[in-house]
Each structure stands twice: as structure tokens, then as C-alpha cells.
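Beneath this line is the structure, given in C-alpha cells, with notes to follow.
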Amino acid sequence: MTRTITGMLRWRELSVIVVAVVLAVYFQIANANFLFSNASLQNLSQFIAPVAIIACGEVMLMIGGEIDLSAGMVYALAPFVMYFLARAGLPYPLAIGGALLGAATIGAVNGFVTVMLGVPSFVTTLGTLFLLNGLTLTISNGTPVDNEASRTLSFLMGRGGYAEFLWAVLVVLVMHFMLRNTRWGLHTVAAGANPIGASEAGIRIRSLKIVNFVLCGALAGLTGILEAFRISSIDPTAGGTHIMFLAVAAAVIGGTPLAGGSGTIAGAMIGAMVLGILNDGFTLIGINAFTFDLILGGAILVAMLCNILIGRYRRGIAVS
């Protein structure tokens, strides 16, 4: 029994899972339709999916002590790039590919300016945030447009009830495997934990960081495209800082410190679930929208406190 408990406490995501379960039970007791209504579950999955996908990219950057504040604006811009490429005559699959390439290019620019020119990523991506917001509003004239893709493609890319959530699960599984089992993932963790030692061991830290910026941009673009298909409309005011901060919050709640050195993709997914449960649960029990962020902030702090306490206990076990 003691070995079982000890093994569980070594699991980084345990504290977040406990918080998610407690919240789900509480809201289920408060509203019987919370988990046993198809409409409620779809709504929950549609909140979790975009946060989780962007959080995957943010985790890879945060492990190395970097962050991308422009992810929410890439999210808003990518669907318009897809739309204009399709209107120019490209088939929608190629238009999607072009939009993802554009999103990845933005990530590459962020990475180059940060890594090669020595500008802090907070400053680099803050500047990109405003540039992309202005660009999106300019090319769209601040007006939403309809997504004109076929029904089949729309269904597969997010219009189907749980399609976007399935995309999120796929991205999380692939990213989790790559972080834990590939040289790229292991080198990313090593470079974040000990940059000097990693550099002396021959790890190309600069290249790693640029690749992770590219990945974060591409995932943000993919998320915006999936959302555009889900709601059948492309809105220039969608995304923004709100979705980006939710993704960062999910990553932090899931066990990825802002200081870098470690991180977990699975934890980010669970963190997104915690935020989704809070969002939907508060809505169902009638919490005033003006106090939602107040309660959400407190809940994030409580979740982090639990994570830190479990982490300290786990390190104590490891030492002993």
C-alpha cells in the first residue's frame, strides 16, 4: 500500500488530476447535467481543445525559459490566410497547408529575433502580438467572413461534435511521445534545466529554441483553423490574448514552471481540462460573469499550491 502511494506521488500530474476530479464531482452534484448531457460534454470539449493544443506549443517553449505571447494573434490570422488563399483559387487542403506554413514562419521570425538577436522572448512576441493584430484587422477590414469549405472537410476539421477535441487528443499524444521519447524532446528538457551543461555536451540550444518557436506558431495556427471550421466563420477579433493566457495557465497548472527546466504535455492537457471544468461549471451554477476571472484566478492559485506541495513531498521521497 505504501509503495502504491509513494509511486502515485512521484507522478507529476497527480495533484492536477485530483483537482480536476474534485471540481468535476462538485459541479456534477451542483448540476446533474454537467457530465451526463451530450450538449454539456460537447461544450466542455470545445473549450478544452483549443487551449490544450496551444498549450502544447507553449510547454515546449517554457521548458527552455521562453514564452510566446503572440500565439493568440497567430490563431486569429491563420484562418484569414487560409480564406484568402482559397479565394485565390487554391484547393482548401492546400490553403490550410499555406496558412500553417505562414503560422510556422511567424514562429521562426519570433525564434530568430529572440535567439539570434538576443531580444527577450517576452518583448519579441509582445511586439509580434500587436503587429499581427493590426495585420489581421487590416486585411479583414475588421469584418468576419464565412468559411466556404465543403461539408466533409468542415466536419473533419472541427465542425463534427467532438472533431476538434479528437484533434487535440492526437496533438497531445504525439507531443507527449516526442517530449518523452525523442532526442529533440530530451535535449529540450536538458537545455532548459542546464543550458551551460547542455551546450558543453554538444546540444544545439539555439536551433532547439527556434524549432520550438516554429512549433508553437504552427500549433496556434492549426488551432485557429480548427475553430474557424467549428463555428463556420472567421472572426478577426477571435483569439487574442485571452486564448494565449488560458494556454499558458493550462501549462503552468499542469506542472510546467515559467522558469523552465521541466514540463509535461499530459499535464497541460489536464490543466486545460481543469480550466474547462471551471468555465462550464461556473456557467451552469449561475456564477456572475463579472466575478468569473476572480474565482478562476483563485482556483489557479489553489491548483498551483497543491502542485507545489505534492512536488515537495515527491522530492522528499526521492531523497530518502
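Predicted model, so just to flag it, every value in this text is computed and none were measured.
- M269 is not listed as a side-chain neighbour of H176, based on a closest heavy-atom distance of 4.5 Å or more.
- Between Q46 and E227, every side-chain heavy-atom pair lies at or beyond the 4.5 Å cut-off.
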Item checked: Derivation and outcome, side chain to side chain contact (heavy atoms under 4.5 Å, CB included), residues T264 and R180 -> CA-CA 9 Å; T264 162; R180 293 288 184 89; 4.3 Å; yes
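- Of the possible donor and acceptor atoms, none in the side chain of R230 sits under 3.5 Å from a partner among the backbone N and O of R159.
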Notebook entry, point to check: Can you check side chain to side chain contact (heavy atoms under 4.5 Å, CB included) on E164 and S45, steps first, answer last?
Noted result: CA-CA 8 Å; E164 188 177 14; S45 71; over 6 Å; no
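- Under the 4.5 Å side-chain contact rule for hydrophobic residues, F213 and L219 do not share a cluster.
- Residues W184 and V171 share a hydrophobic cluster, clusters being chains of Ile/Leu/Val/Met/Phe/Trp/Tyr side chains in contact below 4.5 Å.
- Linking Ile, Leu, Val, Met, Phe, Trp and Tyr residues whenever their side-chain heavy atoms come within less than 4.5 Å leaves L61 and L186 in two separate clusters.
- Counting only heavy atoms from C-beta outward, the side chains of V252 and T256 never approach each other to under 4.5 Å.
- Checked by atom type and distance alone, the side chain of T182 pairs as donor or acceptor with a backbone atom of G185 at under 3.5 Å.
- Hydrophobic clustering (ILVMFWY, side-chain heavy atoms < 4.5 Å, transitive): M157 and V145 are in one cluster.
- When only modelled atom types and interatomic distance are considered, T114 and T124 share a side-chain donor-acceptor pair under 3.5 Å.
- Around the CD1 atom of I196, the shell of radius 6.0 Å holds no more than 12 heavy atoms that belong to other residues, nucleotides or ligands.
- Side-chain N or O atoms of N212 include one that pairs as donor or acceptor with a backbone N or O of L208 at under 3.5 Å.
- Shortest non-hydrogen contact noted between P236 and L137 is CB-CD2, 4.0 Å.
- Note that the CG atom of D280 and the CD1 atom of I277 stand 9.0 Å from one another [nearest 0.5 Å].
- Of all the heavy atoms in Y92 and L153, the pair that sits closest is CB-CD2, 3.5 Å.
- Just one residue in the list V74, I54, I106, T125 forms a side-chain contact (heavy atoms from CB on, under 4.5 Å) with D68, and that residue is T125.
- Put simply, V169 and F155 are part of two different groups of oily side chains (I, L, V, M, F, W, Y) that touch within less than 4.5 Å, one to the next.
- Judged by distance alone, the side chains of N110 and T128 do bring a donor and an acceptor atom under 3.5 Å apart.
- Minimum interatomic distance between A228 and N147 (heavy atoms only, all atoms of both residues): O-ND2, 3.5 Å.
- For the residue pair T143 and N141, no side-chain donor N or O sits within less than 3.5 Å of a side-chain acceptor on the partner.
- Listed by chain and residue number, nothing satisfies the ring-ring contact (aromatic ring centres under 6.0 Å, His included) test with F112 (two or more places apart in sequence, or in another chain).
- The shortest non-hydrogen separation linking L156 to A163 is O-CB, 4.1 Å.
- Across all their heavy atoms, L179 and G263 have their closest contact at CD2-O, 3.8 Å.
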Note to self: Please evaluate residues M82 and L100 with respect to the criterion side chain to side chain contact (heavy atoms under 4.5 Å, CB included), reporting the C-alpha separation (whole Å), side-chain torsions for both, the decisive distance (0.1 Å), and the verdict.
What the structure shows: CA-CA 8 Å; M82 174 191 71; L100 291 176; over 6 Å; no
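- At least one side-chain heavy atom of L23 sits less than 4.5 Å from a side-chain heavy atom of F27.
- The main-chain N or O of F177 is found under 3.5 Å from a side-chain atom of N181 such that the two form a donor-acceptor pair.
- The main-chain N or O of S150 is found under 3.5 Å from a side-chain atom of S154 such that the two form a donor-acceptor pair.
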Next item on the list: Please step through side chain to side chain contact (heavy atoms under 4.5 Å, CB included) for the pair M62 and E66, ending with a clear verdict.
Entry: CA-CA 5 Å; M62 290 164 61; E66 308 292 351; over 6 Å; no
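- Looking at heavy atoms from C-beta onward, L275 lies out of side-chain contact with I48 at the 4.5 angstrom threshold.
- When all heavy atoms of M73 and T136 are compared, the pair lying nearest together is O-OG1, 4.4 Å.
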